[in-house]
Every structure is written in structure tokens, then in C-alpha cells.
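Each chain gets a letter, A, B and so on, in the order the sequences are listed, and its residues count up from 1. The analysis underlying the following values was restricted to heavy atoms, covering all of them including side chains, and did not include hydrogens, waters or symmetry mates.
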Amino acid sequence: MSRYNFRASETRWQRVWEERGTFRAEIDHARPKYYVLEMFPYPSGRIHMGHVRNYTLGDVVARLKRGQGFNVLHPMGWDAFGLPAEGAAVKRGIHPGIWTWGNIAEMREQIKMMGLSIDWSREFATCDPAYYRHEQAMFVDMWERGLVYRKESWVNWDPVDNTVLANEQVIDGRGWRSGALVERRKLAQWFFKITAFADELLEAIDGLERWPDKVRLMQRNWIGKSQGARVRFAINGRDDRLEVFTTRPDTLFGASFMALAPDHPLSAELAKNNPELAAFVAECLRGGTSEAQLETAEKKGFDTGLTCRHPFMEGVDLPIYVANFVLSEYGTGAVFGCPAHDQRDLDFARKYGRPVRPVVLPPDADPAAFAVGEEAYVGEGRIFNSAFLDGLDVESAKRRAIEELERLQIGSGETTFRLRDWGISRQRYWGCPVPMIECPSCGTVPVPRDQLPVELPEDVDFTGAGNPLDRHPTWKHVACPRCGGAAERETETFDTFVESSWYFARFCDARNEALPFSREAADYWLPVDQYIGGVEHAVLHLLYSRFYTRAMSACGYLDLAEPFAGLFTQGMINHLTFKDAKGEWVEASKVAKRDDGQWVLVEDGSPVIPGRVEKMSKSKLNTVDPTEIIQGYGADTARLFMLSDSPPDRDLEWTDAGIRGAWNYVNRLWRLVEERLEGLPPPGTPAPAEGLEGSDLELKRQIHRTIAAATEELERFHYNKAVALVREFSNGIEAYKGANGALLREAVETLVRLLEPMTPHIAEELWERLGHATLLAEAPWPTAQAAWLQADELVIGVQVNGKRRGEIRVARDCPKEQVEAAALAEDNVRRAMEGKPPRRVIVVPGKIVNVVV
RNA sequence: GCCCGCUUGGCGGAACAGGUAGACGCAACGGACUUAAAAUCCGUCGGUCGCAAGGCCGUGCCGGUUCGAGUCCGGCAGCGGGCACCA
């Protein structure tokens, strides 16, 4: 008997699938389509275990759906723009493009080792002008439709590197690379008008039924809709008014001060003639925006000396402060403070001696005695101390207050969102150039479509500081497309999230030169039926894509609101970490456990200390290289390990024992089939369908029960349970001692067929060994026959007073009375009843009997 | 601080919608085969008492609902994640 040679088998079947074009997808209106997509990789150079898990999960879906008769689209490509390429250019003097394309070539080979059922003919990289030219064209379309605009906005500016930093790149107020103190600067930036869809993006979340609740909730919070009112306060001694947004118009009678953001226009105006205020404003603006700083920052205010009139209370004036806790970007950049019912306002009021006037009375509180101490009251209650609002509950009072504001024409109901427009300008080289030209006489002019793409110049030097495109001697100098005069090209590039916001649509028609994709292809393939990736993209990428799809629809490229009908977020891969005696991280792959349980460094036997199980990361030296695993054990083993044990949405702990467990099963499967080949009738022999009894009947039932249950678990992403079912089925086949060859063939073929989505190579190999001339990857998925799904005898537990005391065997359709009688007659049950008569007997058909004495 | 999720053997995890807790696997232990090792095969495997039959305890902790709770309800603790001067 031969031993399974995974190396030969895996390369062979990968070649066969490729040569036959087994996984090529074409539009076919005769079949239902199914689009499976995993979040495409950034070409860093090596695949990691997270990729292996991600693509294994996707491949199970793709192969299952293909078996079930769907026309499956399962593509792969490269999210190829990004900062690491520029980092490599600075560090090693390689052009970002060369570095990126080299990495793609390597990673493609690594991914291909996994034996995924991918249509490689649709592969593309987003750094290819053939891709980003369409992005530029769409950008111009969106600009023309008002979905793109340019405006001054505050950014994190690194004064050493001369570049904008994303919030994530500011660590403790300093640039992540230069270490320089980050400044807040106002800069003209390009924006996508995502807020135009804020309400729609929020409402549509309800319809994303096949998305995880967690992600839907995170998006809801991110969009952050608040309903309230805009109130215009009259300023004493001035003609203009101070506009404020509040979600609590019901507490207006509790107002005791006003607060402006440091960069509010009024703050700036007043600071001009007030050096002290100017210094205060500067101090606030300098303060970092990092979370830690905000958390510890003390509430500080500066009294401007100005006052507002209370909108409802004659003769009551409210002092106007500039305060460090007010955000200029949210609402109107100004607030009214109601200390009794807002903790932050209370802290401020206590510090600056402002009155605290409660206006919401908690249920059962005494209006005469109720006072606010160190904690603001934010709960429900009745309004008091509030003239015409007195006696109303909070919600009614909000409505009533808004009515009054509208009647007096000093305010109105308003909805605000936390969501901001998406700033996409990056002062970087390795990204898609913004296809715009600034002309001194014509203003902003888009690059004409026939001149697209605006390609990146090749001859660029990388020093790491500033924007190479801006420093390029000639690239930005162009003639204005409108007037022909001297003009300047935009030297910024897009945020790389723009590329990933529409790549799923490009896969539908990846070779299209004239268009990003044809309407026909998009209409046929989209939306993505099943999208799979890490939860770290729950907000950014998944929200941007939802916006971008709507924007593409607005421009007529397709007619679709939601790009991803189903979303699955996989867990991370964790691994044990190790440190040496000095407390330095030790590479987990160079460590082994001695027989006495001590962990040691393999090369010199020196002891190491195992630490926590943590997410695989380079810094903790606990990564495992997937290619080494695939070369050592085979892709099927690696895939099976990814699917066994841990549910796919939970974190998976990498263990050597686990990979050996998968390896052992692959080999056991091989033996299982090989040892039985001789006794099998030729392929195509009809499966026995009647007259079965004993172990034959048992096996027949297990075949169909396993088909039914495994299919269901596979469809529900319960891959660990599907693996368990299949293993149980293997155990069943191994235990079968009968001689029915046709039945055994049915069992073995079913086993192999069920395993194909998980371990496709060995399944394909065994399918051939079983005498088939056609490919398993093209074979239909088996159907469970209802007749074999139920046993005719059941084992039922019997409880006495809720404690399990025994069990009885009864026929499936045994009437209740007989079940009851059998239960009461059971020895152990009678003993537990201690001769007492049953007071009550509960019979749950097919499940349990409970005798109450 | 606010919001969400999780907590079951030595370990990963099963238990569909309240109905036999611990499927399947890993590890461990005992045995067979073998000169030996690996591989393979057979068996044991929540704790505890018992020769056994079987008993008692057991799903983070406290309480409740129910004939019956890992599952539902209330409270608490621990762990993980998201958001965070958002007015």
C-alpha cells in the first residue's frame, strides 16, 4: 500500500485545475451566480497565517457553492499602493514599484501553493495604471457631481518629514517616524462627501442581515447620529449670534455658561485684541489630540468677558468662555453648558464657580430637596424649574422646547452626525495621483478624460522627507487643459482606502480597458455574496466601500447601494510567546519542549520562559511561516488545521500538536480509502437503497445524516463542527465490518466529496484512485435522502425530579403512554422513586421523560 | 467613562429554539506490535466515594423562574474588543 505523497499530489492537481480552467468564471445567466471574496492582500512580500486562514475560509465557501451548482466568482488581486513600499525605497534604495511587483510575484507563488479555487485570469494590482486610471476617471465624475470637494481643514503636520500624518500615525503627540512634535495645521485637502450619505448609510445597516451584529453596531456608532436642536443665542453688545448644537434642548433652563472651541471663529476674533486669550488658544491648539492626553486633560476655560442672553429667561445672561474641551469639528463648535445634567459641564462649572441649576427631577425625588453633588444627573425624569416645560418628561420637553425655539425664530430641530467627510489627500508618492490641475486663471480643472491616467513619474528620489511628487523638477508643471496657460498638477495622491473601495467591482470585469467595469458584468456579479476578512476593517474599509458603491451608482456605473450582501469576520491567529532569561523575546519557531516539560532553545538547549498566547506578530517573534508548514505537511494539512477545532470567527491558537493532528488525519484518510479499494465495485455502481439491516443500515444512515449535517454546518460557517462530523463519519466507516461493497463505495465517495472544500488535493487524488475519470472539483455536491435521516429506535433519558436516573430504548413513533410505562418500569428509575407514586410524568417525545414524585 | 462580546474537563471546543453536559480532536496514561524508535492498532480519560452496581458534586460567582437551566431573568466578578471631552 502506498503512502500519500502530498508534494506530488498537490502540484499535480494544482496544474490540472489550472490547465482545465476549472475555476474560470464567465457570465452565465442559466445558473445562479455566487461571488465569494476575501479581503485582498497588501503585497508585503510574504504571506502570513492570517492570509492562510482567510483564503481557506473563502475557498471552502467557493468550492461548496460550486458543488451546489452556483456559477462561482472567486478572484484574487493586490492592494498594492501604500507606505511600506516608500519605506523600502528610503531604506534600501529600491523603487516602490519594483519592490511591490517583486513582492506580488513572490506572494502569488505562495498563495498558489494553497490550492485555492481562484480565477487567476482576473488578477490585478491597484498600483497598475490600468487600474487606477479608472479610479481617476471616477474621481472626476464624482467631482462633477459634487461628491468630491476641496477645503481647508486641520491636519496633523509633521514639521520634520514635511507631511500630513493620519491620526494613527501620531503617537503621544509626536510623529511616529520623525519623533517631532506634531503640529495642527490648516491645509487644503480633497474630500469625499461621505456625509451626504450619512443617513442612508445608517438606515441601510438594518438591511445588512448577513453581517455580524458587532460590525453593524460599530458602524452605527461611527456614523453617530444625534438628534437635537440648533439654538442661536443673542450676544450682548453685538449684532451676531452664537450658534450652538445640543441634544438636550429640554435642559435649556439649566444653562449656566457658554463655551467656544479654541478655533471657533469668534475665539479667533477675540484673541486678536486679547493677548492672554491668544496665548490660551495657542496652548489648546498645541495640545496633542492623542487619546491619552485627552483623557487626562483638565477642563480649562478662558472667560471672554462677553455674555449671551438666555433665549427663554428674561434678564438672565450667560458668560461666554473659550474652553479646551469643545471640538470645532463637531456640531457648531460651540455649546451651552448645563452643569446639572452633563458631567463635563458640571466639572467645568465647579471649577469656575458657575451655578448648578437642576431642571430634570428624578422619579420620586423631592423637588425642594433635590440637588446635584459631584455627579450630574443624566437619567429620565420630570422637568422642573423650567417655566413652560415644567411637568413634561424629557422627550416631550425636547419637542416642546424646539417648538418654542422655532416660534421665536431662534432655533430649530437638527440632526448631527459624528461621521466626517473622508479626507483622501496624502502627501506621498506611492499612491494614485489626484487627477486635478490648479490653474491661476481657471481655478481647479480636472485632467481631461482622454489624458488619463495621470501616471506616477518613475524618476524620483526618495529621501523620506516631504512629498517626492512635489519635489519632482518637471512633473507638476503642465499647461492648463482649459486655457493652455501655465498651471500646476495636484501633487497629492489618494488615501489607499480609495483603491480598496471598488476593487470588488473591478474583479467583475478586470480586463476592461474602456471602463472600470461594464454595467453588464456589475449587474450580473454584484453584490459580493460572501465577503470574508478581519474585523479590523469593520469601520474604515467596510464603510468607505459602502459609500463608494453609492457614489458609483450616482455616477451611473452601476445600480447598487450595498456592495457586500454577506460579511464574515474571522478571528486572529495567536501563538505562544517566549522570552529568555534576560526578558528578551525569543523566536517561537526556534523553541521546543523537552520531555521534562521545560521549554528550551533548540540550538543550544538554553531554557526559555513561555509567556502569554498572543496575536502572531513580528515584534513578538511568534510568527510561523505558512510556506514552511505547507512544504513540510502540505496545503491540505494546513487548511484542515485552520478549519478544525476553533470556530472561524474566534481566535485560533497555533500549536504544533494541532498541525500534527491534521497531518495524522490526512494520512489516516488515505489509508482508509486505500485499504478498502479492492473490495469496491466499479464507479457508477448504484448505491443500495433497500433491504439494509444491522451495520449496513447503520452505515447507510450515517452517510445521509453526515451529508445533511455537514452541509448545514458548512453553510453556517461552523467549519469546526463540519470537520468533527466528517471525522465521526470516518470513524464510522472504519468500524464498518459488513461486506456490502456498493454501500462501502457510497460511504467512501461521500466522505471524499464532503472533504473536497477543506482538503481539495487529497480528495481529488482519492477520487481518482476510486476510479473516476472526471474531476471531483467539478462533481455535484451530494444530497441527503430523507428516508435515511431518522433511526427507528431512540434512546431516551429518564429523570426523576430532574436528575437523570436511567435510559430507555423506544421506537421512534412510540405512543406517549408506552414511553411513560417503559420509563416507570426501568430499574434505576424505580429505585430512585423509592416506592413513591409518580405525582406527575412529563414526556417530551423523542427527548426525555421526567418523573416527579 | 460609555457601548458590545465572552467565561463549559489538562487544552481547543460540542450541546439547533430550556430537555441525556463534555460530540470531535489535542494532550496524558495503560496495553499490543517492534531489537529500538517512529508510525499504527486496542483501551482509559470532569472531580470524588465505592470491589461493583451505583451515589454525590460539577458549565466564573450569588440569587430567581421552571417538572427540568450551560441555555431564560436579576445582580456581581474576571477577561477581551470598540468608541471616547461628540454637546
What is the nucleic acid contact for [X], judged by heavy atoms within less than 4.0 Å: base, sugar-phosphate only, or nothing?
X	answer
A:Thr247	sugar-phosphate
A:Val795	base
A:Leu217	sugar-phosphate
A:Val841	nothing
A:Glu728	sugar-phosphate
A:Asp342	nothing
A:Arg805	sugar-phosphate
A:Thr655	nothing
A:Val852	sugar-phosphate
A:Arg650	sugar-phosphate
A:Asn731	sugar-phosphate

Original post:
Got a sec, which pairs hit salt bridge (charged side-chain N to carboxylate O under 4.0 Å, His left out) with one end in residues 328-338 of chain A, sequence neighbours left out?
Top reply: A:Arg184-A:Glu329
Subject >> Partners passing side-chain contact (heavy atoms from CB on, under 4.5 Å) against A:Glu826 (at least two apart in sequence or in another chain) >> reply: A:Ile808, A:Asn828, A:Val829
Original post:
How would you list, by chain and number, every residue that makes a side-chain contact (heavy atoms from CB on, under 4.5 Å) with A:Lys300, sequence neighbours excluded?
Top reply: A:Phe280, A:Glu283, A:Glu298, A:Asn324, A:Lys351, A:Tyr352
Original post:
When you match A:Ala724 and A:Ser646 each to their closest nucleotide on RNA chain B, which lands nearer the 5' end?
Top reply: A:Ser646
Subject >> Residue mapping more 5' on RNA chain B - nearest nucleotide basis, A:Asn828 or A:Glu734 >> reply: A:Glu734
Original post:
Closest heavy-atom contact between A:Val359 and A:Asp250?
Top reply: CG2-O, 4.5 Å
Original post:
Considering residues at least two apart in sequence or located in another chain, which fulfil the ring pair (Phe, Tyr, Trp, His ring centres under 6.0 Å) criterion with A:Tyr330?
Top reply: none
Subject >> Which residues share a ring pair (Phe, Tyr, Trp, His ring centres under 6.0 Å) with A:Trp222, sequence neighbours left out >> reply: none
Original post:
Can you check whether A:Arg418 has a side-chain N or O nearer than 4.0 Å to OP1 or OP2 of B:A84?
Top reply: yes
Original post:
Can you tell me if the side-chain N/O atoms of A:Arg344 get under 4.0 Å from OP1 or OP2 in B:C86?
Top reply: yes
Original post:
Near RNA chain B, under 4.0 Å by heavy atom, which residues of residues 251-263 of chain A?
Top reply: none
